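Chain letters run A, B, ... following the sequence lines, proteins first and then strands; every chain starts at 1. Keep in mind the model is a prediction, meaning the values are calculated, not measured.
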There are 2 protein chains.
Amino acid sequence: MTDRPARPLTLRDVSAASGVSEMTVSRVLRNRGDVSEATRKKVLEAAQTLGYVPNQIAGSLASQHVNLVAVIVPSLSNMVFPEVLTGINQVLEDTPLQPVFGVTDYMRDKEERVLYEMLSWRPSGVIIAGLEHSDATQAMLQNAGIPVVEIMDTDGNPVDNMVGISHRQAGLDMAKAILKQGYSRIGFMGTSMPRDHRARKRFEGLTEGLAKAGIEIEARDFYEGGSALAKGREMTKTMLDANPDLDFLYYSNDMIGAGGLLYLLDEGIDVPGQIGLAGFNGVELLQGLPRQLATTDACRLEIGRAAAEIIRDRNAEGADQSPKHITLTPTISYGDTLRRALRA
Amino acid sequence: MTDRPARPLTLRDVSAASGVSEMTVSRVLRNRGDVSEATRKKVLEAAQTLGYVPNQIAGSLASQHVNLVAVIVPSLSNMVFPEVLTGINQVLEDTPLQPVFGVTDYMRDKEERVLYEMLSWRPSGVIIAGLEHSDATQAMLQNAGIPVVEIMDTDGNPVDNMVGISHRQAGLDMAKAILKQGYSRIGFMGTSMPRDHRARKRFEGLTEGLAKAGIEIEARDFYEGGSALAKGREMTKTMLDANPDLDFLYYSNDMIGAGGLLYLLDEGIDVPGQIGLAGFNGVELLQGLPRQLATTDACRLEIGRAAAEIIRDRNAEGADQSPKHITLTPTISYGDTLRRALRA
DNA sequence: TTGAAAGCGCTAACAA
DNA sequence: TTGTTAGCGCTTTCAA
């Protein structure tokens, strides 16, 4: 066990220890240019025994290249964003690029601060959730001079690239599916909306889809914070007590939907006969519930991968710099809670 | 909408635009030293209209200070680490320090690579999960010359600081609780162990605690990957089919425990009368299940906060640099699945 | 294949 | 209160 060094090691130290110029040491450590096998070995050995770790700060300043990709998401605590990050990781793992994550807690001003912090490191790209940003954030993205990918949502105008699904369409499609199964008295439960634009758009899509059939949502309720599963239980009870005639409940995410499902099963209510249910996200976590909740797969992994691929490709030499707009098509899985027609 | 600049702006540009020296511009932008209100205003205005974002790379190189804290965890996809990160975030939010996350997927060599990458940015501290690392990782942590906090686990020897709980003790305590409630034929289900040292230590603690009463674990099973809830169902069925006499099942995490619980309820098995259950972590997510699963709270948020506080304090001027070893005491919540004694 | 010189954009230290 | 000088540790460029 050696003492802690007072000063981190530099190239100069490796140069001195190996008897090779700093420049050549640098070349060896980066596998650049032609270096003889002999000096190569000397350098590597010296670096190893000293325990040298290169200083990327100096390196990046000199080369004007930073192998960081800023990734900005609203939250890590629900199941959706970790999976997006996994997709990003998967793709960037095979490149020199490294993702750096920032969290906004669904707050515009925090998003602004986080982006500013990240841009000050001069990353090689930005992946950011959503299309709704403050003016300052928009301006920063616009002027950053690096590829930007706005992810998750495609209902709006991106600054540069865009990968996601249409949440309005997801709401519309769910409305169609619900109606087709013969449900008509619909309740909606979700997160408090001003903060979550994608949930809002799904809600609007649902409303519009039902309106086409002359149907209005009969009840709605929104929550903030707390255990989603427990909230789903509570809200479902409250809503059904107040609106006993409802025959379908659409939830803005799978967790509260699962809470609702467990509540209905506890109460002995016939699902999907008396009441149908659907959530949103396609959270794998929930496989294993007594019944499979109907849901829309949000293509999270795929979105992460596609976004990372855009950043990767844009950073390649001679890359096509034209913006890519990718709209993925989510599929509805009917599970065991959206099948009334089959019982007829 | 302005054009994308070919070259990012520099202090020099702000200096030119404001007619103030680079140095003074720098002072204004960092709120350092005395600057007259007049020049301050001039500078801020120029920076604003140009849309200048400082270059931290150059700044950090010059000042030899990097306000980054490296945070290295095995995974983002189970509920436990996001909550640790939340705790870290909470504390660092009020400081100039910024967390940067890295993920190891429970792989030693990946941990090594990620740490190397992060150290090359010369962060002001490292927070890393677990006490078991490769020799190279140990050496890097040892020689980094910055505060290091190893978190989650306290059964071992840290390089520097340590914050966590004793998983051996958690296993022992659970054994005691199980025995006290009159259970005696115990099965264990968990993650594949070589990769998860903390689960292994809980298992060892449990084994030891039971051994004191002359009891041996009768069945055990391990899983990898897949939806934990579904795995919990499957494994529980398999184990009970093969060992119908078991009267208690201890799971290495709450999700598979919840899967087991749902399975038993489906089968109409009396919980906790015929079979008792316990998980681990104290995952808030699961509130809302039909019965509350017994569990041990892993103090995740608190661990994150304490670790961040150590890094913060160590980076303060004139800070006490002596290593801190903090062992938190987890509490068992009995829920509705560890109460056989009450039925007697 | 190797080395020397210059400079990346900023800030510490000092001078005015 | 403001400005000047030097240099952080590396890489680019050019010369040997």
Q: Whole angstrom is fine here: how far is it from CZ in B:Arg7 over to P in C:dC8?
A: 11 Å

**Q.** B:Glu112: side-chain hydrogen bond (donor to acceptor under 3.5 Å, both in side chains) partners, not counting sequence neighbours
**A.** B:Ser134

**Q.** A:Arg113: partners by salt bridge (charged side-chain N to carboxylate O under 4.0 Å, His left out), with sequence neighbours left out
**A.** A:Asp109

Q: Report the residues that fulfil side-chain hydrogen bond (donor to acceptor under 3.5 Å, both in side chains) with A:Asn157, sequence neighbours left out, ordered by chain and then residue number.
A: none

Would you list the protein and nucleotides 12-16 of chain C atom pairs, both N or O, that sit under 3.5 Å from each other?
residue	atom	partner	partner atom	Å
C:dA12	OP2	B:Arg30	NH1	3.3

Q: Check each residue of residues 112-124 of chain A for a non-hydrogen atom within less than 4.0 Å of any atom in DNA chain C, then write out the ones that pass by number, or none.
A: none

Q. Using a heavy-atom distance cut-off of less than 4.0 Å, which residues of residues 50-58 of chain B contact DNA chain C?
A. B:Tyr52, B:Asn55, B:Ala58

(Q) Do A:Ile303 and A:Glu83 have side chains that approach each other closer than 4.5 Å (heavy atoms only, starting at C-beta)? (A) no

Q) Are A:Thr10 and D:dG9 close enough that a side-chain N or O sits under 4.0 Å from OP1 or OP2? A) no

Q) Does a side-chain N or O from A:Ser26 land closer than 4.0 Å to OP1 or OP2 of D:dC10, or not? A) no

Q. Rounded to the nearest 0.5 Å, how far apart are CZ of A:Phe81 and CZ of A:Arg300?
A. 10.0 Å

Q: Establish, from distance only, whether the side-chain atoms of A:Gln56 and B:Ser120 form a donor-acceptor pair under 3.5 Å.
A: yes

Q: Take atom CG of A:Leu61 and atom P of D:dT11, then tell me their distance rounded to the nearest Å.
A: 11 Å

Q) Starting at the 5' end of DNA chain D, which residue's closest nucleotide do you reach first, A:Ser60 or B:Glu22? A) B:Glu22

**Q.** Those residues that, when tested against B:Thr10, pass side-chain contact (heavy atoms from CB on, under 4.5 Å) (two or more places apart)
**A.** B:Arg7, B:Arg12, B:Asp13

Q. Through what angle, rounded to 10 degrees, does the axis of the helix from C:dT1-D:dA16 to C:dA16-D:dT1 turn between its ends, using five pairs per end?
A. 30°

Q: Would you please confirm or rule out a distance under 4.0 Å between OP1 or OP2 of C:dG9 and any side-chain N or O of A:Gln64?
A: yes

Q) Nearest-Å distance, CG (B:Asp34) to P (D:dG3)? A) 14 Å

Q) Between B:Lys324 and B:Glu309, is the closest basic N to carboxylate O distance under 4.0 Å? A) no

(Q) Among D:dT11, C:dG3, C:dT11, which nucleotide has an atom closest to any side-chain atom of A:Ser21? (A) C:dG3

Q: Residues of residues 35-42 of chain B with any non-hydrogen atom less than 4.0 angstrom from an atom of DNA chain D: list those, numerically ordered, please.
A: B:Val35, B:Ser36, B:Thr39

(Q) Tell me which one of A:Asn161, A:Ile310, A:Ile311, A:Asp160 satisfies side chain to side chain contact (heavy atoms under 4.5 Å, CB included) with A:Val148. (A) A:Asp160

Q: Quick one: list whatever passes side-chain hydrogen bond (donor to acceptor under 3.5 Å, both in side chains) with A:Ser63, sequence neighbours left out.
A: none

Q. Short question: side chain of A:Asn67, backbone of A:Pro96 - any donor-acceptor pair under 3.5 Å?
A. yes

Q: Just jot down the side-chain hydrogen bond (donor to acceptor under 3.5 Å, both in side chains) partners of A:His197, sequence neighbours excluded, or say none.
A: A:Arg200

(Q) According to side-chain contact (heavy atoms from CB on, under 4.5 Å), who are the partners of A:Ser21, at least two apart in sequence or on a separate chain? (A) A:Met23, A:Thr24

Q.
Take a 6.0 Å sphere around CD of A:Glu45 and say whether it holds more than 12 heavy atoms from other residues, nucleotides or ligands.
A. no

Q: Any chance you could measure B:Leu68, atom CG, to A:Ile57, atom CD1, to the nearest 0.5 Å?
A: 7.5 Å

Q.
I need the CZ-P distance between A:Arg12 and D:dG9, as an integer number of Å.
A. 9 Å

Q.
With a 4.5 Å cut-off on side-chain heavy atoms, are B:Asn55 and B:Pro8 touching?
A. no

